[in-house]
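Reading through the structure tokens given below for one structure.
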2 protein chains.
Amino acid sequence: MPRPAASRGSATGRVLDLLRSRGTLSRVELAERTGLTAATITNTMRPLLDAGLVREAGVDRQHDRGQPRRLLRLDPEAWYAVGIQVDRTTTTIVVLDFAGGRVASAALPGTAGRGPHATVRTLAEHTTALLDRSLVPRGRVLGTGLVTHGPQDLERGMLLTAQPGPDWLEYPLADALAGDLGLPVLLENDASAAAFGELWAGSPPTDTFGLVYMASGIGGGVVVDGEVYRGRASNAVEIGHVSLNGGRTPCVCGGSGCTQAEAGPEAVVARALEDRALAERLGVAGTPDRTLADFHRIARAWRTGDTAAAGLLEASAAWIGQAAVTLVNLFDLDTVILAGPAFTVAGPVYRDRIAAELERHALGRSLSRPRVLVSSNAGTAAAIGAALHVLRTLPVEAPPALPATTESTLTLQGEP
Amino acid sequence: MPRPAASRGSATGRVLDLLRSRGTLSRVELAERTGLTAATITNTMRPLLDAGLVREAGVDRQHDRGQPRRLLRLDPEAWYAVGIQVDRTTTTIVVLDFAGGRVASAALPGTAGRGPHATVRTLAEHTTALLDRSLVPRGRVLGTGLVTHGPQDLERGMLLTAQPGPDWLEYPLADALAGDLGLPVLLENDASAAAFGELWAGSPPTDTFGLVYMASGIGGGVVVDGEVYRGRASNAVEIGHVSLNGGRTPCVCGGSGCTQAEAGPEAVVARALEDRALAERLGVAGTPDRTLADFHRIARAWRTGDTAAAGLLEASAAWIGQAAVTLVNLFDLDTVILAGPAFTVAGPVYRDRIAAELERHALGRSLSRPRVLVSSNAGTAAAIGAALHVLRTLPVEAPPALPATTESTLTLQGEP
DNA sequence: CAGCTTAAATTTATCAGGTTAATAATTGGC
DNA sequence: GCCAATTATTAACCTGATAAATTTAAGCTG
């Protein structure tokens, strides 16, 4: 099994990672950040420059003497990758260029009650349309990262749970989508992908952190020393099913008092619906498969100062805070990042409440003060992470020449 | 910073590990197990044979044709290491030879109410006595692994908690012991050391497992792909302070419902003491700093069929089972090993009850059936792990020649 | 028992991926 | 226009592995 050229250990993989996350760097900076010598950087960059994956982009005139540093950047048009996050109530598709820039994105409804076959077909149609609309040459799309909740069998590209319905269990999601799209598809866990996205596309203050992902359900991810923790079979950090002290609500997993059952968007909406007048005031409809829309209504009410809405969110955040304490204590962390569509509006309430819980209960708090941050790309972090995963793991060669028509168009644009 | 010769990645480190855990292997088997070529094994072994760390030990006549495989083993007398596990209520000291064999061991009372200074002095005295008694040449002792509960600062070799008393916080344990013993001292977490000991000296069915360590307190360790999970600062897997659903007992950590407070030996003994008649029948004295002795009395009563004792242990095991479910779900594991002095007698009750909890609640149970095992060295696993850690991490050179007197004695013994 | 087969162990040449040290290139300042 | 400073490249080499050929040590066979 030959390793992909850009695997993490190699010099090539490391400089590509750095250029993708920092944008533009000189050889000297690359040498400093990787710990490699300047000679190695020269030798590593040459084939990348020859292949057209990396380009020189001006010089750095910060330093006043000597030869100026020549800046390097990834050629964004060398390759593209697609990331798809799909869930019962939301779907996000993003297209990234080789430099990690967002070329296009789409937000769609979730799987609702539909089966995997229909869902995959719809995803393929939307993805094809998005690629066409954004004028991305099909031959330069490296692959697609598909992101769902766990537990999953990543090798076989299927879910190992009957959620959202029994027909999803062991349905060959990755293969089906790969067939419809004509592209390789990598399946990934949503929370791990979001952690991955934060690591390489966000600006986390450290390369060791935990992540709480909330969409329709709640998941977790952990990154230690820049490496995603995967465990035995990549189904790690199922924080949504930690049984919380004081919890009683029964959960789909068969247990009770799970984080997801107590604190997930569904639980928050259900609690709002218990009070008819409140639900009406907040505009909470209770439509099945529209849970996140209702959740966002509650979050927006909180933003305009509604104390009842604040109470609902605070209660949920307190539960997640307890789960975060367990996460931080077991994995020895000091930083927790919040990502997922549920945090796009309500992020700050959760951040503050979770931070307070950690401040009180995290064991390592004397060593370093716990931090909680809302991802700057909360809604798209998982899809971005999935696309980045494709860019990082699939073997990268010189991009294929484009068909003549497109070539000439580009050439014309390039000539003043 | 030069890497120690036996670090895990290198061929040298890997063959030493294999020889230590398997005892005796041919070059062909070493090549197969490491994935290295026969040529590399030859080249790796030569300096080890020259240095006297490895010796040829007969041939393997299993195969009937061709040149027989020559067997290799570590020379047990090349080096030695000490492992010390210390706790409020128990102390264990072991001396291992270079092959990982147990040369000597001692079980002593714990720190009780004494301060770190007096404790370190006592440990040094006992260790010196043990080394003298077992005729281990002092010049061949590589170092000492000191094992305590966390949180710790491994670099500085000190505790970051005021347990068991305020004078322990940031007392330079490792340096003090190193001074008294005249040997390098490595500080380690008890549960991680036990996990390490199980991995290399036990016979775990897999190289990915979680470990619950119970002595005076409760700790956790995780090994993934043969590597101990360390987290940000090696204070990972504090399973003793996971807040459990239904728990109310206040804990020394400031929280309530923690595994340790609900299920630790102290809690079990306290519950026994609540019933005067029961305590008397079981012989539970309630003497402070003798908690484990009382706990063992309850465990022995269970073994002779006492249902009240069984009830006490079952209740504790149920709590730990809940913590184990969280451990297994967050770290994505299917195997849990029980180690620590508290499991020497009571192990089986805990094993069965924890297995039942995992069977019901572990998320990955459909993927692979969860297993729970009691360590075959429950009482000494941590001390053994600490000594192995020393053997594995400190740089290993050719052992120094012994003083003439000892040499001649040995020579005399060798002559018939 | 010489010669053949089999398998283990070793030697030799080579490679991959990095290093160090020397050299070339490019600029600002005097 | 030359020098000092700094970046980038080249060349020699080092480390830790591999593949292929060779040597060694058996058992089998006629």
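Every chain is numbered from 1, with letters handed out A, B, ... down the list of sequences.
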Practice prompt. Return the 5'-most residue of the pair A:R69, B:I41 with respect to DNA chain D, ranking by each residue's nearest nucleotide.
Written response: A:R69
Worksheet item: Between the main-chain N or O of A:S234 and the side-chain N or O of B:D332, is there a donor-acceptor pair closer than 3.5 Å?
Response: yes
Worksheet item: Between B:F196 and B:R392, is there a cation-pi geometry (under 6.0 Å to ring centre, at most 45° from the normal)?
Response: no
Worksheet item: Is there a donor-acceptor pair under 3.5 Å between the side chain of B:R102 and the backbone N or O of B:V95?
Response: no
Worksheet item: Does A:L36 offer a backbone N or O that forms a donor-acceptor pair with the side chain of A:T40 under 3.5 Å?
Response: no
Worksheet item: Any luck finding a side-chain donor-acceptor pair between B:R14 and B:T44 under 3.5 Å?
Response: no
Worksheet item: Checking B:R69 side chain against B:V28 main chain: does a donor-acceptor pair fall under 3.5 Å?
Response: no
Response to the item:
Rounded to 10°, the angle between the first-five-pair and last-five-pair axes of the helix from C:dC1-D:dG30 to C:dC30-D:dG1 is 30°
Discussion item. Does this structure show an ion pair linking B:R27 with B:E56, if we count only N-O contacts that are shorter than 4.0 Å?
Written reply: yes
Practice prompt. Could you pull out all residues at least two apart from B:E198 that satisfy salt bridge (charged side-chain N to carboxylate O under 4.0 Å, His left out)?
Written response: none
Worksheet item: Using a distance-only test with no angle check, is there a side-chain donor-acceptor pair under 3.5 angstrom linking B:S26 and B:D60?
Response: no
Worksheet, complete the sentence: Rounded to whole Å, CG of A:L71 lies from C1' of D:dT7 at a distance of 12 Å
Item to complete: Output all residues satisfying side-chain contact (heavy atoms from CB on, under 4.5 Å) with B:D153, sequence neighbours left out; order by chain, then residue number.
Response: B:E155, B:R156, B:M158, B:L160
Worksheet item: Using a heavy-atom distance cut-off of less than 4.0 Å, which residues of residues 45-53 of chain A contact DNA chain D?
Response: A:R46
Worksheet entry | Side chain A:T34, main chain A:L30, donor-acceptor under 3.5 Å | yes
Response to the item:
Per-nt protein contacts along nucleotides 15-28 of chain C (heavy atom under 4.0 Å; B base, S backbone sugar-phosphate only, - none) come out as ---SBB----BBBS
Response to the item:
Ordered by number, residues from residues 18-33 of chain B within less than 4.0 Å of DNA chain D (heavy atoms) are none
Practice prompt. Please determine if B:R230 and A:E227 form a salt bridge, counting it only when a charged side-chain N lies under 4.0 Å from a carboxylate O.
Written response: no
Item to complete: Kindly indicate, with the supporting measurements, whether the criterion side-chain contact (heavy atoms from CB on, under 4.5 Å) is fulfilled by A:V136 and A:V103.
Response: CA-CA 9 Å; A:V136 170; A:V103 172; 3.9 Å; yes
